[in-house]
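Below, each value reflects all heavy atoms present in this structure, side chains not excepted, and no hydrogens, waters or symmetry copies. Computed from a predicted structure; not experimentally measured.
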Amino acid sequence: MTLLSLISFFSVAQVASTPTAAQLKQFQSLPKAQQAALAKQFGIDVDAIQGGFGGTNTQEFETVRPEEQYLPNSNNFNDADNSNTFNEFSGSDYWSDPNVLKPFGYEMFERLQDAFLPEGSIPIPSDYIVGPGDSFTVSFFGKESSEHIVTINNDGEIIIPGLDPLNVGGLQYSELKLFIANTVQTKMIGIKSAVTLANLRGIQVYVVGDVKKPGAYYLSSLSTITNALFISGGPNEVGSLRNIQLRRAGKNIATLDLYKMFSNGDISQDSRLQQGDVVFVNAIDQQVSINGEIRRPAIYEVFPNETLAELVEMAGGLNVNAYPKYAVLARFGENYQRDIQRINLNDKKITNQKLKNGDVLTVLPVSERLGQVVNIAGAVSRPSTYGWSEGITLSDLVVNKNDLMEITDLNYGLILSQAKTGNYKVTQFKPKDVLKGKAQVLNPGDLVVFLSRYDDKTFLNGSTNDDQNQGTENSQRFSSNNDSDLSDKEKKELEELREYKKIKDEDNLKALDELKSLEGLKEFNYIYKIQNGTLFEKQSALLATKLLSRDALIKPIVKLLSNSSNSGQMVPIISLTGQVRFPGIYPISDNTTLVDIVLAGGGLKESANMVKGEISRVIADDRKVLSVRHINFDLMAALSGVEGKDLIVKPKDVINVFRQANWNENRKVKISGEVKYPGEYTVNQGEKLSEVLIRAGGITGLADVKSAFFTRESLRELEKKQARDTARSLSKELALKSISSSSVSSVNIGEVQALVSQLTIIEGVGRLIIDLPKIINDKSFDVVVEDGDELIIPSVRNEVNVMGEVQVATSHLYTEKWDMYDYIKSSGGLGAQSDEDRIYIVRSNGLVDAPDTGWFSSRSELKIGPGDTIVVPLDAGYVDQLTLWEKATSIFYQLTVSLAALNSF
């Protein structure tokens, strides 16, 4: 009734009558493609129909493919129908996870559906069966020319003007063209015809079974089984990809195996659909898994008669790294527990066995252990793996200096070998002997390590010790930022130094970036990678050793020796300390000597004691009781080759190279002020201040020896530490006071915090109180100088300083008759927060005098001399009784007075 009503509707439309609302609603409920086909058959404008014939659109109707209505961007597409929430392996996260073994083939349906739709412009195959709804263009030419569009009606007939109705239903497209041509030629004299397809009919098919969106679909008549599957979203998680049936009139007429299409490109089973066909997706019957060294590891659907060999073929075959002689097959046994079988995939008898549901085949990789090779690592031009042959020596691999680096230590290298017992041993060699052609025979599997002659700090800074010394010297020379104070030559040198530093900084940044990319080379165990990594990881690890420092190269060797030693056997390592360039733990062999260990440590420092050193050795007696024995050695004799002096070291020895007696690289004292030859003097250990004064030419006639100012670096550091400790204690005291309701209101937190801040930034002065006149005249008062000491002898001074809590802190000319109170009075008198009872005097020689200011005090105690400083401290109780306030202010003022005195010189 609906179809008849619509035909009536279109007939009415052709005579420009207005359709009823019911007829319009029926038409709009049809799919777009079916609307278009009906409208074109009757020559009606679809836009005009949908607009109630109220529009003015007269454009020619454009063909719309029926499948487009099911695409995600179609207006008729129901987003809810596209939901795959019930599919356990839907979503991009699932398909992008490389650690999840996925069912093969289902990801194809996660892609765009329109990629698998039939294209409307493709050539029509000659075996295409025409039927109701197909439209053709029939062109006449000859004595008359015309063109007609005809459509096959429901009776299978077409009506061509000038001819009787022709029954063409069920003909192939090629037969249709021949039939029309013959009919026209026979019944229309002098006229020939040509037939082309104008518009394909639509067909309705059903996609059911285990699919994501089952239902009826209106498709193009050229559609195939796969087109219908992709429109419906494909099989769901239990739907088969290999048992998809095409049913027509209740019979199975074809079966589609999508594996053949996806893997081999075989589309021979992809049959074309017809009106009323049913595409039925069966449930999966059997599944097996294959993973490991296979090209397409996945879960595969299999038939009962398929074999292991066919499974490997489905998965694309074995990878290059696969080891076919050893694959693992896990299969359910009779008790429903998995049995593990080792199978050889090269054995056809084994691979021809049938697969069973739930089988899991794992293809293992080949061993990454290399056969007859030698590894060369460390400070060489090309660290890599080299082939081994009988009798090969290290000189065959390292031929000349171009094979080494600038930083290579030519006196120390190691060969790590593994014995048949599995234990490791090391052999020490000299790379410079290798360059001379000295034969060092290598064994298969040996690891040859060349080391850097720089430590971690030097290596990371990208500069040698000479570079560092030069940089330090030049930075001292050009510490001033004022270039105008320099000569033309010095300016040129300064510019060269800046350019040199710029290049070095850029090199350092590049080196640090390389280190970061290797995840911290100091902890990089390259030996583990060489022994256990893949081929590419082995090569990467060897290349990385080129950037490793000496310590980072040796640590993994020591760790390997420690972990591979036999129970109860001492690990063949020693500890080297003292005056060598690289103290640390070093591996040894059975015949390693004292000189070998010195070379392992990078050689001796200048401060090394050449005649006395010590070996601390662990000795076990017959009862296995351990004791330590100390053995002295003579390095000079050992290095000179004196027989019996180059001792053989033993495992767990601690070798200590002593420092030379009285050695100090930078013991200097500075004397300035009123001496004849002021400057910096290098001193010996135990040298006294009076002796240095004599070397400086003695004091001048303008010197005020009583006011000499002597500072010591160690005391300066102590003062800084004391100030910071006081600051921390004061902060803690303030915190406790601030939470106390009884005192918080009386504490000026801002003032205390300001004091704490000042204490944390105070630089110590380090003044040591001396009596220089006594030192000059009496040797018993002399002072032994230390590195960093400084003596300042000022000129005769004639002022008195007043500091602290007075109205105006200032300095006054010395007046012989004045006492302490006279100077305070001349400074405006005491301040409101002054503590009169604790006024003290810092004498010109640095001594602190706290006179008695009571009623019975002696006037002589208040006597002031030239160069003295009067300090009036702050009354801590005026603010609050903070227990540390007094201590803090005392330190602060003492340091201030000392600095003021120093600046006045």
Side-chain angles (χ1 to χ4, degrees), residues 411-430 449 451 455 525 527 550-663 685:
N411 291 311
Y412 181 56
L414 289 174
I415 300 176
L416 180 66
S417 305
Q418 187 174 21
K420 294 181 179 179
T421 59
N423 291 340
Y424 288 90
K425 66 174 184 178
V426 296
T427 303
Q428 184 172 328
F429 69 94
K430 294 180 180 179
V449 181
L451 300 117
D455 60 9
N525 192 332
I527 295 181
R550 189 188 200 93
D551 182 61
L553 286 167
I554 292 178
K555 272 185 177 179
I557 297 177
V558 172
K559 185 179 294 186
L560 185 65
L561 292 174
S562 301
N563 293 337
S564 63
S565 62
N566 294 330
S567 178
Q569 187 179 32
M570 286 191 177
V571 180
I573 57 175
I574 61 92
S575 176
L576 178 62
T577 62
Q579 302 307 300
V580 291
R581 294 188 184 277
F582 307 112
I585 308 297
Y586 289 91
I588 61 172
S589 58
D590 294 337
N591 57 352
T592 301
T593 66
L594 186 61
V595 174
D596 293 333
I597 292 302
V598 170
L599 294 177
L604 299 171
K605 291 183 178 180
E606 293 178 311
S607 57
N609 191 321
M610 300 298 293
V611 296
K612 183 176 175 60
E614 183 181 81
I615 299 176
S616 299
R617 179 168 295 168
V618 177
I619 305 295
D621 57 19
D622 296 338
R623 295 175 295 174
K624 303 297 181 181
V625 177
L626 300 180
S627 60
V628 178
R629 177 185 173 190
H630 302 293
I631 305 170
N632 293 326
F633 59 81
D634 185 342
L635 267 181
M636 180 69 74
L639 293 171
S640 301
V642 178
E643 185 177 356
K645 296 298 183 179
D646 192 8
L647 306 177
I648 301 293
V649 297
K650 301 293 183 182
K652 293 298 183 179
D653 279 356
V654 178
I655 303 169
N656 189 359
V657 179
F658 294 143
R659 183 189 292 268
Q660 291 182 26
N662 302 326
W663 175 268
Q685 186 175 8

**Asked** For the side chain of T577 and the backbone of I655, is there at least one donor-acceptor N/O pair under 3.5 Å apart?
**Response** yes

Contact check, side chains of L414 and P587, non-hydrogen atoms, under 4.5 Å: yes

side-chain hydrogen bond (donor to acceptor under 3.5 Å, both in side chains) pairs touching residues 586-599, sequence neighbours excluded, are S589-N591, S589-T592, T593-D596, T593-D646

Of all heavy-atom pairs linking M570 and K652, the shortest is SD-CG, 4.1 Å

message = Could you tell me if the side chain of L635 sits less than 4.5 Å from the side chain of N609, heavy atoms only?
response = no

Could you walk me through whether N525 and K559 satisfy the side-chain contact (heavy atoms from CB on, under 4.5 Å) test, starting with their C-alpha distance in whole Å, then the side-chain angles of each, then the deciding distance to 0.1 Å, before giving a yes or no?
CA-CA 10 Å; N525 192 332; K559 185 179 294 186; 4.2 Å; yes

OG (S616) and NE2 (H630) are apart, to the nearest 0.5 Å, by 4.5 Å

Result for side-chain contact (heavy atoms from CB on, under 4.5 Å) between I585 and one of V558, L561, I554 points to V558

CG (N632) and NZ (K612) are apart, to the nearest 0.5 Å, by 3.5 Å

Does the pair Q428 and L599 meet the rule for a side-chain contact (heavy atoms from CB on, under 4.5 Å), with working shown?
CA-CA 10 Å; Q428 184 172 328; L599 294 177; 4.3 Å; yes

Applying ring pair (Phe, Tyr, Trp, His ring centres under 6.0 Å) to F429 and not counting sequence neighbours gives F450

Smallest heavy-atom separation, V580 atom then G601 atom, equals CB-O, 4.0 Å

What one should report as the nearest heavy-atom pair of G578 and P583 is O-CG, 4.0 Å

Query raised in the report: Less than 4.5 Å apart, any side-chain heavy atom of I527 and any of I557?
Result: yes

d(K650 NZ, I619 CD1) to nearest 0.5 Å is 9.0 Å

Minimal heavy-atom distance between F582 and G602, with the atoms involved, is CD1-CA, 3.6 Å

Side chains of Y412 and V598, heavy atoms from C-beta outward: is any pair under 4.5 Å? no

In short, L594 meets A638 closest at the heavy-atom pair CD2-CB, 4.5 Å

Criterion side-chain contact (heavy atoms from CB on, under 4.5 Å) on L604 and L639, from CA distance to verdict | CA-CA 11 Å; L604 299 171; L639 293 171; 4.0 Å; yes

Notebook entry, point to check: Hey, does I615 have a side-chain heavy atom less than 4.5 Å from the side chain of L647?
Noted result: yes

What one should report as the nearest heavy-atom pair of I573 and S562 is CD1-OG, 4.2 Å

Step by step, work out the salt bridge (charged side-chain N to carboxylate O under 4.0 Å, His left out) result for D653 and R617. CA-CA 5 Å; D653 279 356; R617 179 168 295 168; 2.8 Å; yes

Requested in this report: Scan side-chain atoms only and decide if S607 and Q660 contain a donor-acceptor pair under the 3.5 Å cut-off.
Outcome: no

Rounding to 0.5 Å, atoms CE (M610) and CE (M636) come to a distance of 4.5 Å

So CZ of R581 and CZ of R550: to nearest 0.5 Å the spacing works out to 10.5 Å

Side chains of E614 and F658 in contact at under 4.5 Å (non-hydrogen atoms):
yes

